[in-house]
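Just so it is clear: chains get the letters A, B, ... in the order the sequence lines come, proteins before strands, and each one is counted from 1. Only heavy atoms go into these numbers, but all of them, side chains included; no hydrogens, no water, no symmetry mates.
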Protein chains: 2
Amino acid sequence: MTEPREKQGSNTQRAVEQLRDLIFSGVLAGGSNHLETELAEMLGMSRTPVREAAVLLEAQGLLELQPRRGVRIQPVSVDDMREIYEVLTELESLAAANAAAAGYSDADLSGLDAAVTAMEESIEADDLETWAKADEMFHRELVRLGKNSRVVTIAAMMSDQVRRARQTTLHMRAMPSRSNEDHRAVLNAIRGGDAVEARRIHREHRERAKNEIIGLLEKYRILSL
Amino acid sequence: MTEPREKQGSNTQRAVEQLRDLIFSGVLAGGSNHLETELAEMLGMSRTPVREAAVLLEAQGLLELQPRRGVRIQPVSVDDMREIYEVLTELESLAAANAAAAGYSDADLSGLDAAVTAMEESIEADDLETWAKADEMFHRELVRLGKNSRVVTIAAMMSDQVRRARQTTLHMRAMPSRSNEDHRAVLNAIRGGDAVEARRIHREHRERAKNEIIGLLEKYRILSL
DNA sequence: GCACTCATTTGCGTATGCGTTAAAGTTCGC
DNA sequence: GCGAACTTTAACGCATACGCAAATGAGTGC
């Protein structure tokens, strides 16, 4: 349940990072199979650390080890998306409620505020890429403020599982004005110490986000990513 | 995010199972350190599969790999318990609501019913061990009925993290009559298709369970397990 | 007695090679 | 031509060994 060990420079750690990058970017496509030896060559190291990285990434739900068929990159179907968003909705809403109950000062909430502001600016500038980064920052900061390290870890895991799909669909979506109103409203509820309202708003926000991305996948007949 | 690979009889799989048993039973005590070589000897295999098992169990939050200090069994503090129960409460309540909305038949709910009945019987018989098993079965079946595989996996992980503590405190607690009334009420709400009620009852049930076990730890000055 | 330096020990991350076995390919019979 | 049986190939799980570096212990000087 820990983050990958902070083994600065170990080959396993490097393999984890590089494999993640390859998975999120789609270079290693959802559903594709790759032998351990192939990946070891790709990453320029022996099979042992690659295998160890794969075990870890399997536990994170990003891939599946299939003996004699190699490492299968876990595709994410529409149903997977539903599941993932369901978990995120529950746990982030909990975090929002906890954050509201925590009595944070304005300084404590500056990270959230900065993310919302960055999103507002990127919407004005029509810059979806920057918006996406700020969006991610908002959600990460939100769960951090909820002060449950397990929620932080699980939410990160779920976000990772859905990352490729979000990246792939980013430019298919409308400019997320409504989304950011929600973010601002959640932040205000937290600032005002209203746990019930923070939870409610965030839940509705996440439900909308789920429906939007699933709607895109269905519209464009994307069965899985 | 997958269950450990179903590699029947592989040393890694065996190591995972045996280490889990040792951890849950307290033989490998929370906070204790064990070298990979020591564990390899204990399990009668070479270090490679032991290390692979440890990587996996680290990802499940049961232990931590500390270079040169070995494998540290993750102790569970009162704060950890709070976190774990918070996650379980959210996700199981979601599962209860989903199960209620799913329109299950009586046959579909027979597993839940059997668990509740077994608990009632073991309460009559003053048999806490049997009650604990039935309790676990109830919770597992509940999340299964919620039909979100990720919730199933996360809930299992959280339950594992708290397993030693529950086992250790089992005989310190009162006979759980109220607990089982809750179980019966949740089942009835699910049977009646009332998602809001199922969620509410289960949430209160889990809150009570959390407060009870934490109360025990604090009463007996048990700082961590 | 304490702090510093150097030498030794040892634990781990990794590379390599071997044995097992599943999968792929080939051959033969109908 | 198709299916079954046999053979070959190769991927993986694992054991072993090696090199690196962190930790420990010993010795010396103040």
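Counting only heavy atoms from C-beta on, L35(B) has its side chain closest to dG11(C) among dG11(C), dC14(D), dG13(D).
Between the P atom of dT20(C) and the CG atom of N11(B) lies a distance of 14 Å, rounded to the nearest Å. Regarding Q66(A), its CD atom lies at a distance of 15 Å from the P atom of dA11(D), rounded to whole Å. To the nearest angstrom, P of dG13(D) lies 10 Å from CD of E58(A). When rounded to the nearest whole Å, the span between CE of M45(A) and P of dT16(C) equals 13 Å. With rounding to whole Å, H34(A) atom NE2 is found 16 Å from dA11(D) atom C1'. Distance L65(A) CG to dA22(C) P: 17 Å, rounded to the nearest Å. Taking atom CD on E38(A) and atom P on dA10(D), their separation rounds to 15 Å, with Å as the unit. If you measure from atom CD of E52(B) to atom P of dC12(C), you get 16 Å, rounded to the nearest angstrom.
Each of T37(B) and R47(A) has a nearest nucleotide on DNA chain C; the 5'-most of these lies closest to T37(B). In this structure, R69(A) and E36(B) both approach DNA chain C, and ranking their closest nucleotides by distance from the 5' end singles out E36(B).
Residues E92(A) and R203(A) are not paired through a salt bridge, judged by the lack of any N-O separation under 4.0 Å between the basic side chain and the carboxylate. At a threshold of 4.0 Å, the pair K210(A)-E207(A) counts as salt-bridged, since one of the basic side-chain nitrogens sits closer than that to a carboxylate oxygen. Taking a cutoff of 4.0 Å between a charged side-chain nitrogen and a carboxylate oxygen, R14(A) and E17(A) do not qualify as a salt bridge. Salt bridge status for R163(A) with E136(A): present, with a side-chain N to carboxylate O gap under 4.0 Å.
Below the 3.5 angstrom threshold, one finds a donor paired with an acceptor across the side chain of R68(B) and the base of dT10(C).
At the phosphate of dT16(C), neither OP1 nor OP2 sits under 4.0 Å from any side-chain N or O atom of T48(A).
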